[in-house]
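Working notes, structure below.
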Amino acid sequence: MTSEIFTQLSNSLIDGDPEATYALTKQALDAGIEPMTIIREGLMPGMNAVGDKFSCGEYFLPDLIIAADGMRSAMELLEPELRLRRQTVESPGTVVLGTVAGDIHEIGKSLVGTMLSANGFKVYDLGVNVPTNSFIEKIRETDANVLGLSALLTTTMTVQREIIRELTEAGIRSQVKVMVGGAPVTRSWAEEIGADGYAEDALGAVQLARKLSGAG
Ligand code: B12
């Protein structure tokens, strides 16, 4: 039954049926399946399959948009559950987070933000297509100790590098640890651009932010 519902969830994204995605997510939660398992086993494989179909020309932009709608409607149900499950007392740190300029991919970045706040971090999520100076201003304003930069396009990954340079020019590079992520981002890219860390997914982002904050 469990693996069946994951297949159905994944297919509902591939078939572009946001109502089914919502209903199946609710069904999975009601069946007691952990929200993170629903994301990892049901939703992510569906989104990845949609991405692959787009790459090979089988799907077009409207297909991506409708899949994203399905994912968002599922996240409406899952986010409060994720928050409920992880309440910690002391805050391990403050994170400024956003998707870099030129990039409007939101879902993964928001999931990282939800998981960080669910794990006690104070999170300032600046949204998508965030200009570099907005990151810098927010770090100054909040005294954040971690900066999380999301990029989903090979063309916007390079903005992560520019932001790290700008942090140095602004004289605040040593105050903030930079973590980078997003589908095309790799550990070796993170090293190449002088970031402090890379994580593949939202759970990894929490572990990394804890490590960078000296909290574990
Ligand atoms: C949904 C989607 C869209 C939606 C986004 C809607 C929204 N509100 O977010 C829309 C339709 C708008 C869109 C637009 C475009 N898209 Co698009 N999109 C996708 C798709 C199918 C899924 C992305 C997603 O939401 N995944 C689910 C989330 C949960 O996963 P995630 O984002 O990877 O995030 C996880 C990790 O990466 C990590 N992570 C993410 N951020 C961060 C940050 C930190 C700090 C850390 C530590 C970790 C971390 O943790 C997250 C949670 O586990 C991907 C395919 C794919 N396989 O990624 C293509 C994809 C990213 N898109 C692509 C393209 C080409 C585009 C367009 C250029 C298409 C066009 N011709 O217009 C535009 C770009 C618009 C722009 N300027 O940004 C390409 C990119 C190719 C490339 N190599 O550059 C992809 C890979 C599809 C493909 N295979 O061709 N897209």
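Whatever order the structure lists ligands and atoms in, that order sets their numbers, starting from 1. As a basis for the values below, the full set of heavy atoms in this structure was taken, side chains included, without hydrogen atoms, waters or symmetry mates.
- Protein heavy atoms are found inside the 4.0 Å sphere centred on atom 82 (C) of ligand 1.
- Both the backbone and the side chain of Ala199 come within 4.0 Å of ligand 1, counting heavy atoms alone.
- With ligand atoms numbered from 1 in the order given, ligand 1 contributes 52 (C) to contacts under 4.0 Å with heavy atoms of Leu111.
- Below 4.0 Å from some heavy atom of Gly148 lie the following atoms of ligand 1, by number and element: 45 (C).
- Only backbone heavy atoms of Glu200 (N, CA, C or O) come within less than 4.0 Å of ligand 1; its side chain stays farther off.
- Under a 4.0 Å heavy-atom criterion, Gly182 is in contact with ligand 1.
- Counting protein heavy atoms only, atom 22 (C) of ligand 1 is closest to Met47 CE, 3.9 Å.
- Here atom 43 (C) of ligand 1 lies nearest to Ser150 when heavy atoms of Ser150, Pro62, Gly46 are compared.
- Taking a cut-off of 2.8 Å, the protein N, O or S atoms nearer than that to atom 17 (Co) of ligand 1 are His105 NE2.
- Here the closest heavy-atom approach between residue Val100 and residue Ala151 is recorded as CG2-CB, 4.0 Å.
- Closest to atom 46 (C) of ligand 1, if we only count protein heavy atoms, is Gly181 CA, 3.6 Å.
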- Report the C-alpha distance between Asp196 and Arg173 in whole Å, list the side-chain angles of each, state the deciding distance to 0.1 Å, and finish with yes or no for salt bridge (Lys or Arg N to Asp or Glu O under 4.0 Å). CA-CA 11 Å; Asp196 299 294; Arg173 180 66 185 94; 2.9 Å; yes
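- At least one side-chain heavy atom of Ile139 sits less than 4.5 Å from a side-chain heavy atom of Leu167.
- At a heavy-atom cutoff of 4.0 Å, ligand 1 is contacted by the backbone of Leu149 but not by its side chain.
- In this structure, atom 84 (O) of ligand 1 lies nearest to the protein heavy atom Thr154 N, 2.8 Å.
- Annotation: side chain of Ser10 is not in contact with side chain of Leu43 (no heavy-atom distance under 4.5 Å).
- Of all protein heavy atoms, the one lying nearest to atom 72 (O) of ligand 1 is Leu61 CD2, 3.8 Å.
- No side-chain heavy atom of Tyr59 sits under 4.5 Å from any side-chain heavy atom of Asp52.
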- Stepwise salt bridge (Lys or Arg N to Asp or Glu O under 4.0 Å) check, Arg161 with Glu192: CA-CA 9 Å; Arg161 188 207 310 258; Glu192 188 185 324; 3.7 Å; yes
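- Using a 4.0 Å cut-off between heavy atoms, Val112 contacts ligand 1 through its side chain alone, with no backbone atom that close.
- For the residue pair Glu166/Thr132, the side-chain donor-acceptor check at 3.5 Å is not satisfied.
- Note that atom 20 (C) of ligand 1 has no protein non-hydrogen atoms nearby, at separations under 4.0 angstrom.
- Listed by number with element, the atoms of ligand 1 under 4.0 Å from a non-hydrogen atom of Asp103 are 78 (O).
- Near Asp201, meaning under 4.0 Å from one of its heavy atoms, ligand 1 places the atoms 38 (C), 50 (O), 53 (O).
- Between Gly102 and ligand 1 there is a heavy-atom distance shorter than 4.0 Å.
- Among protein heavy atoms, atom 31 (P) of ligand 1 sits closest to Gly108 CA, 3.9 Å.
- Given atom 89 (N) of ligand 1, the protein heavy atom at minimum distance is Ser55 OG, 2.5 Å.
- Taking every heavy atom of Asn48 and a limit of under 4.0 angstrom, the matching atoms of ligand 1 come to 57 (N).
- Closer than 4.0 Å to atom 1 (C) of ligand 1 lies at least one heavy atom of the protein.
- Only the backbone of Val180 comes within contact range of ligand 1, with a heavy atom under 4.0 Å; no side-chain atom does.
- Heavy-atom proximity to atom 75 (C) of ligand 1, evaluated over Val100, Ile104, Ile65, is greatest for Ile104.
- For atom 29 (C) of ligand 1, the protein comes within 4.0 Å by at least one heavy atom.
- Near Ala205, with a cut-off below 4.0 Å to any heavy atom, the atoms of ligand 1 are 47 (C).
- Counting heavy atoms from C-beta on, the side chains of Ser150 and Leu97 never come closer than 4.5 Å.
- A 4.5 Å side-chain heavy-atom check between Phe135 and Leu126 finds at least one atom pair inside the cut-off.
- Between the Thr114 side chain and the Ser110 main chain, a donor and an acceptor come within less than 3.5 Å of each other.
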- For Val130 and Thr99, what are the C-alpha separation, side-chain angles and deciding distance, and is it a side chain to side chain contact (heavy atoms under 4.5 Å, CB included)? CA-CA 6 Å; Val130 179; Thr99 304; 5.6 Å; no
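- Atoms of ligand 1 found under 4.0 Å from any heavy atom of Ala68 (numbered from 1 in listed order, with element): 1 (C), 6 (C).
- Looking at Asp201 and Met44, their side chains never come closer than 4.5 Å, going by heavy atoms from C-beta outward.
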- Message: I'd like to know whether Asp143 forms a side chain to side chain contact (heavy atoms under 4.5 Å, CB included) with Thr94, so could you lay out the CA-CA distance, the side-chain angles of the two residues, the decisive distance to 0.1 Å, and finally the verdict.
- Response: CA-CA 8 Å; Asp143 261 334; Thr94 302; over 6 Å; no
- Task: Could you walk me through whether Gln160 and Val185 pass the side chain to side chain contact (heavy atoms under 4.5 Å, CB included) test, one step at a time?
- Result: CA-CA 10 Å; Gln160 295 177 329; Val185 176; 3.7 Å; yes
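- Between Leu9 and Ile38, some side-chain heavy-atom pair lies under the 4.5 Å cut-off.
- Salt bridge present: Lys138 and Glu141 bring a charged side-chain N and a carboxylate O closer than 4.0 Å.
- Evaluated by nearest non-hydrogen atom to atom 33 (O) of ligand 1, the leading choice among Ala183, Ala202, Ala209, Ala101 is Ala183.
- For Asp125 and Lys109, the salt-bridge test passes: some basic side-chain N is under 4.0 Å from an acidic carboxylate O.
- Minimum interatomic distance between Tyr198 and Ala190 (heavy atoms only, all atoms of both residues): CB-CB, 3.7 Å.
- Met75 and Leu77 end up in the same hydrophobic cluster when Ile, Leu, Val, Met, Phe, Trp and Tyr side chains are linked at under 4.5 Å.
- The shortest side-chain heavy-atom distance between Val178 and Ile193 does not fall under the 4.5 Å cut-off.
- Nearest protein neighbour of atom 27 (C) of ligand 1, counting heavy atoms only, is Met44 SD, 3.9 Å.
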- Task: Could you walk me through whether Ile39 and Leu111 pass side chain to side chain contact (heavy atoms under 4.5 Å, CB included), step by step?
- Result: CA-CA 10 Å; Ile39 292 170; Leu111 181 54; 3.7 Å; yes
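- For atom 52 (C) of ligand 1, the protein comes within 4.0 Å by at least one heavy atom.
- Atom 7 (C) of ligand 1 has Glu106 N, 3.7 Å as its closest protein atom, hydrogens excluded (heavy atom only).
- Within the structure, ligand 1 has Arg72 among the residues with a heavy atom less than 4.0 angstrom away.
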